[in-house]
Amino acid sequence: TQTQSKTPAWLAYLGAWITGLIFLAVEKQDQELRWHAAQSLTTFGVISILWPILWLIFTAIFWVLGAILSTIIGLGITALWIWLMYTAYQGKRFRVPIAADIAEKYVINWFK
């Protein structure tokens, strides 16, 4: 039988991909926490790889406009991070497009 851990699912998002990785490696019983941890690892892992590359491209090519665009995207990432913590706190699942599918199909199975 599945047991519910005492760890709140929103903590899987608190440290972005790092806490997602930690909770996937440590938690084996709570499937809800594992789902949020897998989505956190997938979403913020990809963002942490792509963001510096996109920032360099935007600022190198578009200068001031690129810096403004980078700031707007950065605020969007921050808003997504807060939203994911909020919905997990409420006990809901917000599926990040593409990332949630990858998390369910691949990432959760890496840490069984």
Legend entry - N-O pairing of K92 and E32 below 4.0 Å: no

Inset, instruction - Answer yes or no: are there more than 12 heavy-atom neighbours, outside I98 itself, under 6.0 Å from its atom CD1? - result: no

Inset, instruction - For atom CH2 of W35, decide whether the heavy atoms of other residues, nucleotides or ligands shown that lie under 6.0 angstrom number more than 12. - result: yes

Legend entry - Side-chain touch T59/S70, heavy atoms, less than 4.5 angstrom: yes

Inset, instruction - Kindly indicate whether the side chain of R93, heavy atoms from C-beta on, has any atom under 4.5 Å from the side chain of T87. - result: no

Inset, instruction - Give a yes or no on whether the backbone of A99 and the side-chain of Q39 come within a donor-acceptor separation of less than 3.5 Å. - result: no

Legend entry - Note, W10 side chain near L33 side chain (heavy atom, < 4.5 Å): no

Inset, instruction - Check the surroundings of atom CH2 in W55: do more than 12 heavy atoms from other residues, nucleotides or ligands lie under 6.0 Å from it? - result: no

Inset, instruction - Evaluate the side-chain proximity of I22 to E27: yes if any heavy-atom separation is below 4.5 Å, no if none is. - result: no

Inset, instruction - Measure across G45 and W17 and return the closest heavy-atom pair with its distance rounded to 0.1 Å. - result: N-CB, 3.6 Å

Legend entry - Y86 ring center near W83 ring center (under 6.0 Å): yes

Inset, instruction - State, with a plain yes or no, whether a side-chain heavy atom of F58 is found less than 4.5 Å away from one of I73. - result: yes

